[in-house]
Amino acid sequence: MSNEMIFVSMLAIPILAGIVSQFASSQRAAVHISLSGVFLAVPICCHAIYNVFRHGRFFAFSDWIFIDELSAWHLAVLLAVFTLSSLFAMVYFGEELRERKLSIQQAKTFAGLWSPAMAAMMLVLISNNLGIMWVGMEATTLLTSFLVCMRITRDSLEATWKYMLICSVGIGFAFLGTMLMRLAAKDLPLDPNQALLWTNLMAHTAFLSPALVKAAFIFALVGYGTKAGLAPMHSWLPDAHSKAPSPVSAIFSGFMLNTALYCIMRYIPLTEETLRHSGWALRFLTGFGLFSILMSAAFILFQHDIKRFLAYCSVEHIGIIALGLGLGGLGTFAALFHTLNHSLSKSLAFFSAGRLGQSFGSHNIEKMSGSMQVSPIWGTGIAASILVLIGIVPFSLFISEFQILKAAVDSSRMLVVVGFLIGTGIVFIGALRYVLPMAFGKISAPFEPLPARKLDAFLVAAPLLILLVLGVWMPKPLQSALSRAAAIIQTSPQASVIQGIPGGKP
Amino acid sequence: MLDLLIILVVLTNLRLLATSRIESLISWTGVQGLLLGGFALLSRWAHLAPDVVLVGITAFTLKGIVFPVMLFKLTKAVHSKREADPYVGFIASTIIGLLAFIASLWLGERLPLPGNDMSKLVLPATLFSIFSGLFLIISRRNAISQVIGFLVMENGTFMLGVGTLYYAPFLVEIGALLDILVAVLIWSVLIRFMNRAFHNIDTQKLTHLKG
Amino acid sequence: MAVFIHPLLALVFAPLLRGIINKTKALFAGRRGPPLLQPYYDLAKLLRKGAVYSETTSWLFRAGPLVGLSICALCLVFLPLGNFPACISFEGDLILIVYLLGLMRFFTVLAAMDTGSAFEGMGASREMTFSALAEPTLLFGLAAAARKAGSFSLTPLMREITPEMWQSSAPSLALVIAGLFLVFLAENARIPIDDPTTHLELTMIHEVMILDHGGVDLGFIEYASSLKLWILGSLIVGLAVPVRSGNLGIDLASMLAALIGLAVLIGIIESTMARFRMCKVPQLLVGACVFTIIGFLIQ
């Protein structure tokens, strides 16, 4: 298959599925058409990812589209999250259909926006042109906004309004950053159509104007950081993630935040190379990351709604990833690893919260106590996922957090270490305060029994198994993939990324 | 000539900061859009190519005509005429706007735009527009005013995109304009939903989700 | 000799500007209106009359009109005529003019408050409020022009404002002129800030302050306000119509023509607009201030 065909079909299949689903005659048909769009795109993406890791990066459409190892890694995480979330959507909406709570209009809204949202996120990942990357990011905001208020209530409208407003302002800043980067490339001996290409900019960083690159980075960091949920631009996140239906929350936390971070990851090496690795850009990332961790820790202590709690948890983990990126070296490797761990565990958490919410009829933590007895599968799901999220050994999330901590200690950033430990410690205590009664407490509210099906068991077991396995063993292909991806961000020649990985070389 | 257009855009921004009537806000945003369309065409008069002309004409129609018409229809649909009580009053807004303009001029000097660009005022005007848009979003309670704040912000970045000789590829600029169009469409629908659910579009009432 | 032409011209022709304004308004309204020389006839009539002074007033009441007239006449000597210098010119005479006008306003207000009437007091307070907004505008506008021309004295300033300067910095000068024009309307109590024809409480600012003056005092006040019209008008005309040919006749003729044009413009504005609501006037003046400040910033 030629490169162009791969990319076109990657994007076209989900979009077509979304369009076709609008003509469906029943809710079930609409949802299934959209989900099949997702599933059909999976093999093509896997093929592309395999090609990249085998043969290196490849281009298409006069270099405007490309995949390198960093894109391929994020694409892999995207596929995992979307596949699991689509399977969960079948379970979740199946239940809604049975209770006759899903109207045809709502199903069509969901179907028409679900797979195109995946296509938009893929567009962000595969574009070499920073402008097209921005267009894709804006498209994800626009496409997912009605997914949040799929069910129109006062709260969901309020959440959607805040989401649209804050994220659009953020995206506006990101556009300014893109324009400034274009201006920074004034001395490049290229025609305008090639000037915004990331590969071109990376190859010619000596020609970029440092002042403009700095300004571009700041605007891009603040702009894309709004979309990623870095504090203090995160205020839309708790509202949107808690009021959206659970499959949508899963892809928000599981992948959309990562997409925004990916955009920032593309700007980091440009800035660092231009400023000759002075660490100027990394300082901002560390600052934002630490601030996100501490801010979310403060808010987590006062939550009553499980999904809102999970949303603040996302803010914390995005902060951890940003912190890892800011530390560099082993931190970058760990940050990329953490994206996978966080996405898997957060998706599982939202699945469980959603399903149990359907059973209890509410997402209030106190009302949801005794989940293990209500449904062993989903009770395990919620308890295990939250425990994983706060960093329980021996899951891989603990490993990635530990690696980031090690990177901070190795570079003697004691303030970072202290802040990180305080933040994660507070989250640990706060989360346990919620999850233990929720999982093991006494049942205090009326509930509907949930059938135990194989699909449910698979949805809970698969992520947990992956996280457990990765926690004790880092397969060589995964390690090399992550190292190559990290090397793209971390272009500094000195820090070697391979040191200090358990299971790898000492 | 380009300087004059940029100054007029800055003046329209100040006018937007100072007014609180919704119709006035929409009309002046439309005027700003027309000015920007003209600016897009005029700034690249020497290098006119079909894609440049297309961007200029699209900006002219979208920002100058389509958006104001859509917003007027929306205003009529939700029966919103006047800003209830802006958080910041007229004279304070004007003074803040003026201070912001001074700050933008100062910043513009710090960040010199490359070589043979067309006007020294492009970057300050851009920064000022972005600030005005943000200020409108923060200081107004009416939802439509906030949409206008967003449009003003995007006008600012558009000015930077077309105001120098080193402009972004055609597809990116058209993509940006279309993105804004879709965003305004989505907002119109959202505001209509909100009006039906809340019976007004005062965003100060949107405080249920807290903490 | 040439330096005395401008002051003499101003002394003679200033009331004519008023006549032109009134005639324009009348023509717009479809009337024939008063003759162009009516202000002169009014002055002559007033100078022949006696005055009645209230017992509550003091020397301030009699000093107000006198100070006003002398200050306006004094300001005339600083005004250049195109390329030709003013009688007296030194660095900072710009600022002196602004402050002299402020001094005149101060005495007018004192004279108004001296009557002890609440009516005049109301007018005085309104006047001070609006002038607090108009004076910075005037100062910034003149400072912007001074910055452009590189000198704080009117004579070199006017000399620098040539058509070439207009070509290179048209936006800045246009903004300054817009701001100064609004100040011109405010200082001379024209619509849309004040209505010079009514004596109703709702619409008065300047008229109410001179309500109690009569006879010679009123004549002085009327004449002084004509001179003030001329002074501010010639500043605007000097900036807006940059005819610097060096030939006295051409410069003179162009300035007169421009002033007459300005008077006609005011007449048109007064005929087509109504006075703004009192709460809108500060907003208008703040807008004018913004114009001049921006004109000052962008060079």
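Chain letters run A, B, ... following the sequence lines, proteins first and then strands; every chain starts at 1.
Annotation: side chain of I298(C) is not in contact with side chain of D3(B) (no heavy-atom distance under 4.5 Å). Using a 4.5 Å heavy-atom cutoff, the side chains of F101(B) and I293(C) are not in contact.
Here F291(C) contributes atom CZ and I7(B) contributes atom CD1; the two are 11.0 Å apart, rounded to the nearest 0.5 Å. Note: L4(B) CG to S169(C) OG = 12.0 Å, rounded to the nearest 0.5 Å. A distance of 9.0 Å separates CD1 in I294(C) from CD1 in I102(B), rounded to the nearest 0.5 Å.
Scanning residues 144-156 of chain C against chain B with a 4.5 Å heavy-atom cutoff picks out nothing at all. Among the residues in residues 170-188 of chain C, those with a non-hydrogen atom closer than 4.5 angstrom to a non-hydrogen atom of chain B are P171(C), L175(C).
Only the side chain of L11(B) comes within contact range of chain C, with heavy atoms under 4.5 Å apart. Contacts between L297(C) and chain B at a heavy-atom distance below 4.5 Å involve backbone atoms as well as side-chain atoms.
For M70(B), the CE atom counts as densely surrounded, since its 6.0 Å shell holds more than 12 non-hydrogen atoms of other residues, nucleotides or ligands. Counting non-hydrogen atoms of neighbouring residues, nucleotides and ligands closer than 6.0 angstrom, the CZ atom of F198(B) exceeds 12 such neighbours.
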